Amino acid sequence: MATRKQRDSKKRNRRSRTTPIDRGEAVRASWAAAERGDLRAAQRHLKKAIKSHPNDAELHHNLGEIVIASGDVEAAAQCFALALAFNPSQRPSAERLSEIVAQFELAEPQALPMAGLVAAFAYDRCDLHAIASVGFSKCTVEPPLVDLIATGRECNWQAAAQDGLGHSDQSLFTHELLRLSLAHGINRVPDLENLFCALRRELLLAWPPERLLEEPVAGFALALFQQCLNSEHVWHETVEEHAYRHDVDNQIPPLIHALYEPLERLIDLPTFMVGAALAPDRFGEVIAARRAERDQEAALANSLPVLCPLKNGVSNQVAQQYENSPYPRWTKLNLPSLASKRPHLEKFVGTDGTDFFDAPFHVLIAGCGTGRQAIQSAHAYGLNAQTLAIDLSRASLTYASRKAAAYGTPNIRFMQADILDAHQLARKFDVIECMGVLHHMADPLAGWHKLSDCLKPGGVMMLGLYSEIARADIVRLRAAIASEGLTASNDDIRQFRHQVLRGRLGDDGATISKTIDFFSLSGCRDLVFHTQEHRTSIPELSNTMEDLGLEFLGFSVNKSVELSYREAYPGDPAGLSLANWDQFEMDNPETFRAMYKFWCRKPA
């Protein structure tokens, strides 16, 4: 028989289950707990409130903020996606979700609610490539794509394409998340690329042209076309397709033609001028928008300042590569809040080391490419920063200038210049960023020396350089490319990728087929076909910094690497021992897979 104490406890529990939690009180209690550093209690308060208010988008968003503070990015992504699902106008949730999926590979992206992912595509100041990458992953484990992929693997991809196009419920054509992911991102799933290539072939060889004008087929074909634009027509084309396209007797609709040819080759043809031939209407709108972008970049090129003519032979070769193939061809990005770089930099230099943020200061982005890093950095350094972004390639710089104007980027100028001529800028900088550039110079050390000379005493520099250890597979693939006699032409890159996707280049090929760059033409060229590449090691970095009189401030690595390093070397919590990092990389050769990214400082 229950005691009185036990009966009272049951009554209290019944009342707590039936009495709604006061939403405002729960939020206040949660933030109070978070301010005390008790993140578990903060989560408990919000989870109780969510039980009473399960569709409250703001509660899910607040829980996401608390969860991400505790380091659980997977759960945080779920919270932000749920918030968007319940309230698609919840912009902060879209921004936070985008930030997470851009920085981290989620273990279970398919767990995110589809409605939340679909809603995220409405926000043009989010990294929609990252959202699309998650979208593609989710699509592969749900109908109809999961069934079509199974058919492709078990039978062949053409059979899978025919099943998808012929399905009575037209679910392939009407899949909203798939359409949005195709239109705004770049697919990175090899099975999906195989399916998309087969679908493209069927639309060319077997699909009645008049049906392209009908929904939902027209909308799907347009999304497939936008995917081809995003990946720069990197997909392999069969001999049969090529022959059919070049047979003058075949009347191919412009939309199908544009699934195979870069738009730059087609945009001024009579059949691509705005008019009835560009059905459906939205296809004509895309063509018109691309033509307007091209014209805007041409106008910007006329006013682009030039420091001096390029004189170095390798610099001219590299400039030509990016002139023909600007990289990366990004569309949307996560825009940081103004001056948000300051707390990040304080982790390396302390609060006193960022005093220069309080007055006007100068930032140099050396090798800005198409402007993604430069635009983000200009915003992140804030309104006191005067940012100069230089690059060898005028095509890349005009792309960057157009994007900077679109994002309202403050206080940024673009200039064509070689790092080797940086002394002619006649200016000292408080901050220099040079990511993924020095290793493409004839003499990286000479370039680093020029940048060091441009740095103010007490100024800081962020560099990114390729690792010899992490890129061992790339070195082997570059050797295989050379032995095959492949060049950096578009056709040879497509042939190389086709071999990789067919498993003919073994483990090294399988490894690069998991990278972002492999899935676009300019990306793959930059990854394994670059005209000039050097790699280095941590001991070499240490020697160079010593020779230049620079102080190492630390590597910029993700949280999991940081924790693993501290566990391996508890005596170096600041992570400043390059000898330790050298050993850590030998034990964990994938640590700097992208590149060494680190901060250093010139003594005051």
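Along the sequence shown, residues carry numbers from 1. This is a predicted model, so every value here is computed, not measured.
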Exercise for the section: State whether the side chain of H53 and the backbone N or O of D56 hold a donor-acceptor pair below 3.5 Å, judged by distance alone. Expected result: no

Problem - Intermediate values then yes/no, side-chain hydrogen bond (donor to acceptor under 3.5 Å, both in side chains), H129 and D127 - result: CA-CA 5 Å; H129 275 228; D127 187 342; 5.5 Å; no

Practice task
With rounding to the nearest 0.5 Å, note down the distance linking CZ in R525 to CZ in F496.
Solution key: 12.5 Å

Exercise for the section: Start with the C-alpha gap between S171 and D169, add the side-chain angles, then the distance that decides, and say whether side-chain hydrogen bond (donor to acceptor under 3.5 Å, both in side chains) holds. Expected result: CA-CA 5 Å; S171 56; D169 67 0; 3.0 Å; yes

Exercise for the section: Establish, from distance only, whether the side-chain atoms of N230 and Q226 form a donor-acceptor pair under 3.5 Å. Expected result: no

Exercise for the section: Return yes if some donor-acceptor pair links the side-chain N/O of T511 with the main-chain N/O of D507 below 3.5 Å, else return no. Expected result: yes

Problem - S137 backbone acceptor or donor facing T140 side chain under 3.5 Å - result: yes

Exercise for the section: Kindly say whether W330 contributes a backbone atom to a donor-acceptor pair with the side chain of Y399 at under 3.5 angstrom? Expected result: yes

Problem - E346 atom CD, neighbour heavy-atom count above 12 within 6.0 Å - result: yes

Problem - Flag for E232-S522: side-chain donor and acceptor within less than 3.5 Å - result: yes

Exercise for the section: Establish, from distance only, whether the side-chain atoms of N558 and S560 form a donor-acceptor pair under 3.5 Å. Expected result: yes

Practice task
May I ask you to say whether R290 pairs ionically with E293, meaning some side-chain N is under 4.0 Å from a carboxylate O?
Solution key: yes

Practice task
Side-chain contact test, heavy atoms from C-beta onward, threshold under 4.5 Å: evaluate it for M595 versus M435 and give yes or no.
Solution key: yes

Exercise for the section: Salt-bridge test for R96 and E99: reply yes if a basic N is under 4.0 Å from a carboxylate O, no otherwise. Expected result: yes

Practice task
Determine, stepwise, if the pair R494 / E237 fulfils salt bridge (charged side-chain N to carboxylate O under 4.0 Å, His left out).
Solution key: CA-CA 8 Å; R494 293 187 187 104; E237 179 184 16; over 6 Å; no

Practice task
Could you tell me whether the side chain of Q158 and the main chain of A198 form a donor-acceptor pair under 3.5 Å?
Solution key: yes

Problem - L112 CG to E74 CD distance, which is reported to the nearest 0.5 Å - result: 7.5 Å

Exercise for the section: Inspect the surroundings of CD in E176 and state if more than 12 heavy atoms from other residues, nucleotides or ligands are less than 6.0 Å away. Expected result: no

Problem - Q373 side-chain N/O to S377 backbone N/O, donor-acceptor pair under 3.5 Å - result: no

Handout entry: E193: which of Q227, R188, R497 passes side chain to side chain donor-acceptor pair (under 3.5 Å)
Key = R497

Practice task
Can you establish whether the number of heavy atoms outside E105 located under 6.0 Å from its atom CD is more than 12?
Solution key: no

Exercise for the section: From the options R593, R535, E590, E585, select the one residue that forms a side chain to side chain contact (heavy atoms under 4.5 Å, CB included) with S467. Expected result: E585

Handout entry: Aromatic ring proximity, centroids under 6.0 angstrom, F80 and H60
Key = no

Practice task
For atom CD1 of I516, decide whether the heavy atoms of other residues, nucleotides or ligands shown that lie under 6.0 angstrom number more than 12.
Solution key: no

Exercise for the section: Please check if the side chain of S513 supplies one atom and the backbone of A510 the other of a donor-acceptor pair under 3.5 Å. Expected result: yes

Exercise for the section: Tell me, with the steps shown, if K347 and E562 meet salt bridge (charged side-chain N to carboxylate O under 4.0 Å, His left out). Expected result: CA-CA 13 Å; K347 297 176 183 177; E562 182 182 327; over 6 Å; no

Problem - Interatomic distance, L84 atom CG to C79 atom SG [nearest 0.5 angstrom] - result: 12.0 Å

Exercise for the section: Assign the ring pair Y565 / W581 to parallel, tilted or perpendicular, where the plane angle (0 to 90°) is split at 30° and 60°. Expected result: parallel

Practice task
Work out which heavy atom in H344 is nearest to a heavy atom in S556; give both atom names and the distance.
Solution key: CE1-OG, 4.1 Å

Problem - Nearest-0.5 Å distance that lies between atom CH2 in W157 and atom CG in D163 - result: 12.0 Å

Practice task
Establish, for the pair R200 and F196, whether the NZ or CZ atom is under 6.0 angstrom from the six-membered ring centre and no further than 45 degrees off its axis.
Solution key: no

Exercise for the section: Side-chain contact test, heavy atoms from C-beta onward, threshold under 4.5 Å: evaluate it for T591 versus I469 and give yes or no. Expected result: no

Practice task
Answer yes or no: is there a donor N or O on one side and an acceptor on the other, between the side chain of H184 and the main chain of L128, under 3.5 Å?
Solution key: no

